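Some notes on the structure that comes next.
Keep in mind that the numbers below use all heavy atoms, side chains included, and drop hydrogens, waters and symmetry copies. Just so it is clear: chains get the letters A, B, ... in the order the sequence lines come, proteins before strands, and each one is counted from 1. For clarity, every value in this text was computed on a predicted model and none was experimentally measured.
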Amino acid sequence: MLDLLSNNEYSVKKNVHSYRQGDLFIAHDVNSGSLHILDEDTYEVLKAVEELQEASKQVNEEGIRQLLWQSGNQLTVEELSEIVGELGELRQQGTLFSREADQVLPTYPEKPIVKAICLHVAHDCNLRCKYCFAETGAFGGSRSMMDLETGKKGIDFVLDLSGHRNHCEVDFFGGEPLLNFGLIRSLVEYGRKAAADRDKTIKFTLTTNGILLNDKIQEYLEQEDISVVLSLDGRPEVHDRMRPFSDGRGSYAKVTPLIKQFAAKRPESSPYALGTYYYVRGTYTHFNPDFDQDVLHMADLGINQISVEPVVASPEAPYAFQEGDLEKICEAYDRLGEEYLSRRGQDKEFNFFHFNVALDQGPCMIKRLSGCGAGHEYVAISPEGDLYPCHQFVGQEDYKLGSLYAENPNQLKEEIVKSFRSAHIYKKPLCRECWARFACSGGCHAANVSFTKSLTDVYTLGCELQKKRLEVALYLKIKEIQHNHNPLSLV
Amino acid sequence: MAKHIQTIVKANLSSTVKTGGCGKCQTSCQSACKTSCTVGNQVCVK
């Protein structure tokens with residue numbers, strides 16, 4: 001078995017992630033997606049193999065034992081042989097040290113199939129959130145509202161470009177989209193009819209800060225089965241510091257009762273964003289690396305679908321992460337994982353978005369390689385009808401894909417489409433070597449561009465956070481399976 | 001029964017290179033700022 005590992009073509013570090021989380025030693029076989037629990041000796045053997053490979057030394061039992069002895073582990077020859085034997089059996093089964101599939105790249109038709117759009121119905125906002133990538137709603141331009149003609153053209157655009165796909169997605173985004181609620185109503189009505197005329201359906205979602213979420217609007221969203229992402233950062237002082245009104249007052253007291261009221265209407269929301277769902281989404285920054293306390297605060301409010309994400313900020317921003325934050329953030333994920341476990345089946349249990357990993361129904365390798373589809377499957381539309389690869393690129397002239405008012409609005413700028421299509425993980429040098437590559441898909445294009453000015457170089461702090469979240473998520477998956485006494489076999 | 005290793009999930013992700021790629025899945029957002037759904041926690045609709 002060790003002959004494989006002496007072969008420089010197979011890197012254990014890249015293809016088997018072994019780590020300690022909580023009371024478990026875990027090995028994640030990256031290429032097969034299999035998961036194993038190890039005893040401590042086996043964990044140390046795998047780490048020794050990694051170390052020998054990294055030092056370009058021969059991987060054999062003698063070398064492993066030497067390294068283990070240096071660290072105080074006096075594993076006997078017999079015990080090591082036993083462990084190597086078990087590792088070999090798993091290799092034979094294809095669940096450990098499995099090889100990476102041959103590189104099969106996603107193939108696309110020449111003309112992009114756009115199946116989802118983000119309609120920026122309002123480039124204005126009733127809050128002045130300090131970390132807003134939309135520069136408090138205006139996206140670097142003037143404050144403006146989308147009109148009905150542009151909105152309808154946007155719906156026609158996705159119905160046209162979705163080709164043979166029957167299911168399209170339209171997200172109402174801003175700024176604050178509820179500032180243009182009349183347009184939303186008109187476009188839902190128009191969209192449902194226009195889709196039905198073509199034997200298609202549209203799934204609508206809305207991303208809102210909750211300020212205008214009155215009874216009438218809540219009732220409408222329920223009636224129309226519109227999925228909703230609501231913004232709340234957590235504890236009052238944390239939320240108010242970053243999400244004030246224009247006069248500086250915090251918005252926590254205004255939005256929290258409305259968000260709670262709405263969340264209570266959808267107690268069975270899918271943690272995988274299926275069907276009609278809600279999610280409460282927050283952002284954590286340098287000011288609250290103990291964001292686990294914010295998640296728990298929301299769970300204590302009775303909100304059970306929670307997503308809290310790291311801020312993406314210019315290094316000079318006061319709220320940008322600083323040296324030393326990463327360790328605190330990782331500790332917060334660890335604490336949150338344990339609390340998540342202890343609340344399972346109890347009052348105030350919650351789903352935390354980044355801990356949801358659908359190992360048994362997860363996406364195929366092709367999807368994992370290609371990521372979000374921004375710039376060719378997904379397009380954002382500004383109030384003026386300009387087209388961009390995603391909502392985070394709106395207003396960036398270099399990334400403008402076209403316009404709904406161009407002579408041929410369905411013609412997207414080929415060069416940009418091509419650059420996004422080819423920004424998959426095989427084109428990203430750091431991703432090629434990373435064990436988390438098939439769960440992360442190379443990260444967010446906008447964050448990568450913002451930090452590295454390139455679609456194929458990655459935002460490395462984001463990588464570290466992604467890896468930590470995944471470690472905890474896999475650990476929780478194992479705990480859940482152990483609890484059910486039912487190992488998963490997906491082969 | 002193995003003494004040192006317990007397999008919890010036996011999977012064969014690589015095989016989906018041949019079976020996947022239909023493109024019917026819901027749109028994901030790697031920064032999760034829109035749909036709150038990244039590839040890592042998406043489900044296959046096939």
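Highest contact tally toward chain B, considering only Lys203(A), Arg469(A), Lys115(A), is held by Lys115(A) [criterion: heavy-atom pairs under 4.5 Å]. When His445(A), Glu40(A), Glu79(A), Glu82(A) are compared by the number of non-hydrogen pairs under 4.5 Å with chain B, Glu82(A) comes out ahead. Between chain B and the options Ala101(A), Ser34(A), Gly33(A), Ala473(A), heavy-atom pairs under 4.5 Å are most frequent for Ser34(A).
Of the possible donor and acceptor atoms, none in the side chain of Thr95(A) sits under 3.5 Å from a partner among the backbone N and O of Lys10(B). Checked by atom type and distance alone, the side chain of Thr7(B) never pairs as donor or acceptor with a backbone atom of His36(A) at under 3.5 Å. Judged purely by atom type and a 3.5 angstrom limit, Glu86(A) uses its side chain to pair as donor or acceptor with the backbone of Ile5(B).
The nearest pair of heavy atoms linking Ser14(B) to Met365(A) is CA-CE, 4.0 Å.
Residue Cys22(B) holds its SG atom at 7.0 Å from CZ of Arg165(A), rounded to the nearest 0.5 Å. Here CD of Gln93(A) is found 12.0 Å from CG of Asn12(B). Values are rounded to the nearest 0.5 Å. To the nearest 0.5 Å, atom CD of residue Gln482(A) and atom CD1 of residue Ile8(B) are 5.0 Å apart. Rounded to the nearest 0.5 Å, atoms NZ (Lys3(B)) and CG (Asp41(A)) are 9.5 Å apart.
At a 4.5 Å heavy-atom cutoff, Ile113(A) makes no contact with chain B through either its backbone or its side chain. Neither the backbone nor the side chain of Gln305(A) has a heavy atom closer than 4.5 Å to any heavy atom of chain B.
Contact of the His4(B) side chain with the Val45(A) side chain is not registered, since no non-hydrogen atoms from C-beta on lie closer than 4.5 Å.
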